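These notes are about the structure you will find just below.
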Amino acid sequence: MMQDFILQAGDLDLLVQAIRKEGFQVMGPVLRDKAITYDTVASAADLPQGWTDRQEKGCYRLERRDDDAYFGYAVGPHSWKKFLQLPRRQVWKARKDTNDIQVTEITEEPPRMAFLGVRSCELHAIAIQDRVFVDDQHSNENYAQRRSNLFIVAVNCTSAAATCFCTSMNAGPKVTLATDLAMTEVIDGDEHYFLIGSDSYRGSQVLRQLPVTPSGKRHEEAAARGVQNAVRQMEEGPRRFDSSDLKELLYRNYESASWDQVAERCLSCANCTMACPTCFCSTVEDTTDLSGDHAERWERWDSCFTADFSYVTGGPVRADTRSRYRQWMTHKLATWHDQFGSSGCVGCGRCITWCPVGIDLTEEVRNIRELEKPGPEQ
Amino acid sequence: MQKIPDMLREHPFFRDLAPADLEFIAGCGENAIYAAGDYLAQENEPADYFFLIRKGRVAVETYRPDRGPICLQTLHDGDVFGWSWLFPPYQWTFDGRAMDQVHAIRLNGKCLREKCEAEPRLGFQLMQRFARIATERLQAARIQLLDVYAQPSPLVGDRQ
Amino acid sequence: MIPQMYRIEHRQEEYPGTFTLHLSPEQDDSDAFRPGQFNMLYAFGAGEVPISMSGPESRDGSLVHTIRTQGQVTAALERLRRGDQVGVRGPFGNGWPLEIAAGSDLVIIAGGLGLAPLRPVIYSVLRSGIQTSRVRLFYGARRPAERLFQSELERWMQALELVQSVDHAVDEWQGHIGVITDPLQAAEFDAARTVAFVCGPEIMMRFCIRTLRQAGVPESAIFLSMERNMKCATGHCGHCQWGPNFVCKDGPVFCYGDIRQWFNIRAL
């Protein structure tokens with residue numbers, strides 16, 4: 001059982017600096033382009049203190065909070081995957097001499113990164129990507145190296161965005177997966193502090209350097225109330241659904257009329273796959289310079305919504321939007337179970353917020369379920 | 001020398017037909033041997049016969065002025081050839097040419113038609129067997145039309 | 001994972017647009033492969049394509065690949081000549097279940113280019129790598145001239161039961177004219193002993209499987225090799241997903257009984 005301590009909000013920068021001192025580059029939430037995104041954090045002053053996000057289908061707005069919470073938002077358009085599975089990276093370079101081709105792997109000194117403010121859904125997302133890139137038959141070395149050094153400071157959610165549904169996916173809001181440090185932000189009257197505990201040796205080494213005091217029952221209850229607030233918001237919200245039979249439901253409904261219906265709205269724009277913290281598909285680009293003697297291979301994120309994605313001799317297997325949306329959703333919610341032993345969805349709601357036409361995955365699940373029900377007896 | 005009813009019984013087309021029916025039909029049949037190059041049937045000629053191929057290969061052909069004979073399909077041991085005798089004007093639509101020595105049972109179409117008229121139960125049995133063969137041939141022709149082994153042209157194949 | 005370099009020892013034109021490359025490794029440590037597995041072949045600067053091994057298992061690491069030109073990368077591979085280099089990553093995939101074929105009536109059904117991934121199986125059978133009670137090869141192609149490995153087909157006729165069918169042919173052709181399902185339909189099967197390996201255009205495999213099923217061959221005894229878009233071959237790029245399967249690592253060879261429900265979903 002983790003021993004919890006109290007870190008005063010005013011001392012949060014000491015945490016950032018202590019992690020930096022351990023040799024980590026701290027990545028965390030920052031305000032950028034009218035959104036809360038993840039980037040390098042030099043000090044606590046970089047954090048989006050006093051800001052929150054209001055989210056709905058196809059809608060994301062930053063708003064001022066009436067308090068000074070550092071982590072008083074849900075999730076933004078970015079996910080941590082961009083630091084682990086790079087959106088674009090060079091894989092190899094090749095050189096051709098008169099008679100020989102030399103291929104050289106592009107390797108990097110893997111950065112020592114610390115993620116500050118990782119939500120429970122995002123921890124689950126990272127664990128899901130680990131199963132794809134590290135624990136599977138073949139390992140993605142670049143990911144594995146970036147991942148192995150990672151220092152994680154998780155933050156419990158004390159409020160949920162309207163698009164959140166992690167409770168339905170059993171992925172939050174309370175942090176349950178292993179981290180280095182986990183904290184809950186509490187603002188209670190004049191008090192503003194973090195309930196913080198370490199989950200690893202590295203975490204405890206950082207914690208030791210901070211001016212923390214032991215927590216009391218009062219603090220723990222306040223933190224628990226915060227998390228419970230997020231739970232209640234989601235449980236009472238419209239996006240709550242039963243995910244226990246999703247695999248079977250979707251396996252039964254490959255020919256549901258719902259796919260035609262959603263295809264009438266879906267633009268195949270790939271936003272959902274870019275925003276999704278677990279979508280892992282990639283493609284490669286091979287190029288040469290003008291001399292033709294130097295070649296490069298790059299890997300970049302790809303999406304199952306593009307026409308090229310399923311191309312085989314003659315044309316794409318999934319030629320229309322219906323089949324592409326069906327692929328995306330059934331992969332995320334159903335086939336993922338067979339492939340990697342869990343759902344591919346963590347209920348973060350990004351695909352709902354960042355869909356330009358407001359397609360809501362939870363609504364689509366409900367629609368499939370409704371359409372499956374037998375009609376009234378004639 | 002094998003008797004016609006025995007040979008009919010051995011041919012897949014008549015598999016499981018009642019012995020009495022086989023005897024009845026055998027009355028319309030005779031043994032026939034064709035040398036390589038012989039025509040079993042020629043386009044527009046009277047279609048008087050129905051062939052059960054016992055052994056050998058038969059090419060179903062047509063003729064193109066610029067290319068000469070074109071083989072559409074080959075038939076082999078156990079296949080049947082010819083259904084033009086079933087319907088007016090009782091004329092062959094394609095050529096049937098022996099590709100090597102062909103052993104066949106040649107059944108007289110007019111005789112068969114009369115037996116079918118006289119015995120509708122047997123007529124139905126035969127029609128069922130013909131319909132099945134015709135269906136299989138149609139399916140094969142459709143698959144052939146798909147040209148599945150062709151080098152796909154990106155422009156033709158692209159459904160975008 | 002970067003490609004290892006191989007040199008083209010021999011290049012053979014099978015028929016226009018389709019060619020076979022014999023490759024020898026530039027380094028010593030090349031992996032052995034199983035029939036039905038594939039490599040990612042890299043043409044300098046153009047990219048990679050998944051191509052099955054079409055040659056015998058070898059001790060010296062040499063590889064044989066039969067390729068049809070149909071895109072940018074295969075076009076670049078087609079331009080290569082003896083002495084040129086090709087990059088190779090692999091071997092990938094599961095391969096044909098030879099252990100299941102042992103002792104069976106093996107029915108090999110190949111369509112067009114689909115004979116290439118099956119040739120290592122035939123080699124294995126001919127060299128008694130696997131003992132079967134009976135081996136039949138049904139080979140369908142467009143025309144006699146558009147058949148792979150023509151001189152070998154002549155030789156195989158002595159060693160196994162070979163039935164060939166082409167869509168179109170002129171007089172000298174001794175095999176069937178029509179579709180491969182015709183001779184398949186006419187063939188006798190000891191359904192309980194039969195194991196079928198099928199590789200060819202997906203549509204041709206669909207019709208062949210239907211014929212095999214009608215003949216009573218169980219779903220669990222039918223194996224087919226699937227083709228899907230592939231970028232990585234290691235299960236990471238996501239392109240080759242087919243229902244819950246990754247064709248690159250769960251396939252390319254699948255037991256029909258295991259994937260029947262996916263095989264019949266369109267645009268999956």
Side-chain angles (χ1 to χ4, degrees), chain A residues 85 91-92 94 96 99-106 132-133 136-141 143 251 254-255 279-289 292-297 299 302 304 308-314 316-320 322-324 326-327 330-331 334-339, chain C residues 1-7 26 40 42-50 68-74 76 83-89 92 94 113 201-202 226-250 261-262 264-268:
Chain A
Q85 185 205 3
V91 183
W92 75 57
K96 187 156 75 175
N99 209 20
D100 280 303
I101 296 169
Q102 269 201 328
V103 183
T104 313
E105 189 166 14
I106 304 295
V132 176
F133 289 129
D136 203 47
Q137 202 174 322
H138 299 274
S139 164
N140 175 332
E141 284 312 309
Y143 178 99
Y251 275 15
Y254 267 86
E255 304 303 338
C279 270
F280 59 81
C281 289
S282 63
T283 188
V284 289
E285 289 167 352
D286 290 276
T287 56
T288 55
D289 64 2
D293 296 333
H294 300 87
E296 292 183 352
R297 159 162 286 209
E299 181 190 291
D302 199 4
C304 52
D308 278 354
F309 190 85
S310 63
Y311 191 91
V312 293
T313 317
V317 172
R318 293 187 281 273
D320 55 11
R322 171 187 182 272
S323 57
R324 291 182 204 159
R326 184 179 70 178
Q327 164 62 22
T330 53
H331 181 218
T335 56
W336 210 298
H337 285 277
D338 280 341
Q339 294 173 345
Chain C
M1 198 176 184
I2 62 167
Q4 301 293 310
M5 297 318 298
Y6 282 64
R7 207 171 285 280
E26 300 275 55
M40 296 297 283
Y42 173 63
F44 182 81
E48 286 181 310
V49 277
R68 170 145 81 179
T69 309
Q70 43 207 9
Q72 214 181 326
V73 182
T74 46
D84 288 338
Q85 283 184 317
V86 174
V88 176
R89 284 195 301 131
F92 296 114
N94 54 0
L113 207 62
E202 201 167 311
M226 289 295 296
E227 185 200 349
R228 282 295 180 268
N229 189 310
M230 271 180 210
K231 298 294 179 197
C232 71
T234 55
H236 295 150
C237 80
H239 283 247
C240 70
Q241 283 181 84
W242 181 50
N245 309 291
F246 286 85
V247 172
C248 71
K249 64 185 173 96
D250 303 322
Q261 61 167 323
W262 310 112
N264 296 315
I265 297 176
R266 295 178 180 183
L268 184 63

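Numbers restart at 1 for each chain; the letters A, B, ... are given by sequence-line order, proteins then strands. Keep in mind that what you see is a predicted model, and the values were worked out from it rather than measured. All values below come from the heavy atoms of this structure, side chains included, with hydrogens, waters and symmetry mates left out.
Other residues, nucleotides and ligands place no more than 12 heavy atoms under 6.0 Å from the CD atom of C:Gln72.
Within the 4.5 angstrom heavy-atom criterion, only side-chain atoms of A:Tyr254, from C-beta onward, approach chain C. Both the backbone and the side chain of A:Asp100 come within contact range of chain C, judged by heavy atoms closer than 4.5 Å. Proximity to chain C (any heavy atom under 4.5 Å) is shown, for A:Glu105, by both the backbone and the side chain. For a residue to count as touching a neighbouring chain, one of its non-hydrogen atoms must lie under 4.5 Å from one of that chain's; by this rule A:Thr330 does not touch chain C. For a residue to count as touching a neighbouring chain, one of its non-hydrogen atoms must lie under 4.5 Å from one of that chain's; by this rule C:Gln241 touches chain A with backbone and side chain alike. Looking at A:Glu299, there are no atoms closer than 4.5 Å to chain C (heavy atoms on both sides), in backbone or side chain. Heavy atoms of C:Tyr6 lying under 4.5 Å from chain A are absent altogether. When heavy atoms are compared at a cutoff of 4.5 Å, A:Tyr251 approaches chain C solely by way of its side chain, counted from C-beta outward.
Between chain C and the options A:Asp289, A:Asp308, A:Asp293, the largest number of non-hydrogen pairs under 4.5 Å is found for A:Asp293. Highest contact tally toward chain A, considering only C:Asp250, C:Val73, C:Leu268, is held by C:Leu268 [criterion: heavy-atom pairs under 4.5 Å]. With respect to chain A, the highest number of heavy-atom pairs below 4.5 Å among C:Gln4, C:Met230, C:Met5 belongs to C:Met5. Ranked by non-hydrogen atom pairs under 4.5 Å with chain A, the options C:Met1, C:Arg266, C:Arg7 are led by C:Arg7. The choice from A:Arg297, A:Gln137, A:His294 that makes the most heavy-atom pairs within less than 4.5 Å of chain C is A:Arg297.
Taking each heavy atom of A:Val103 and C:Pro3 in turn, the nearest pair found is CG1-CD, 3.8 Å. Between C:Phe44 and A:Gly292, the shortest heavy-atom distance links the atoms CE2-O, 3.1 Å. Heavy-atom minimum distance, C:Ala267 versus A:Ser323: O-CB, 3.3 Å. When every heavy atom of A:Tyr311 is checked against every heavy atom of C:Asn229, the shortest pair comes out as O-ND2, 2.9 Å. Counting all heavy atoms, side chain and backbone alike, C:Gly45 lies closest to A:Ala295 at CA-CB, 3.7 Å. When all heavy atoms of C:Tyr42 and A:Ala94 are compared, the pair lying nearest together is OH-CB, 4.1 Å.
Side-chain contact between C:Ile265 and A:Arg326: present, with at least one pair of heavy atoms (C-beta onward) separated by less than 4.5 Å. Under the 4.5 Å side-chain criterion, counting only non-hydrogen atoms from C-beta, A:Val312 is not in contact with C:Glu202. Under the 4.5 Å side-chain criterion, counting only non-hydrogen atoms from C-beta, A:Thr313 is not in contact with C:Arg68.
The aromatic rings of C:Phe246 and A:His331 sit perpendicular, their planes meeting at an angle over 60°, well past the 30° parallel limit.
In this structure, OG1 on C:Thr234 lies 8.5 Å from CG on A:Asp136, to the nearest 0.5 angstrom. Taking SG from A:Cys281 and NE2 from C:His239, the interatomic distance works out to 6.5 Å, rounded to the nearest 0.5 Å.
Ring to ring, A:Phe133 and C:His236 are close: their centroids are under 6.0 angstrom apart.
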Step by step, would you call A:Asp302 with C:Lys231 a salt bridge (charged side-chain N to carboxylate O under 4.0 Å, His left out)? CA-CA 11 Å; A:Asp302 199 4; C:Lys231 298 294 179 197; over 6 Å; no
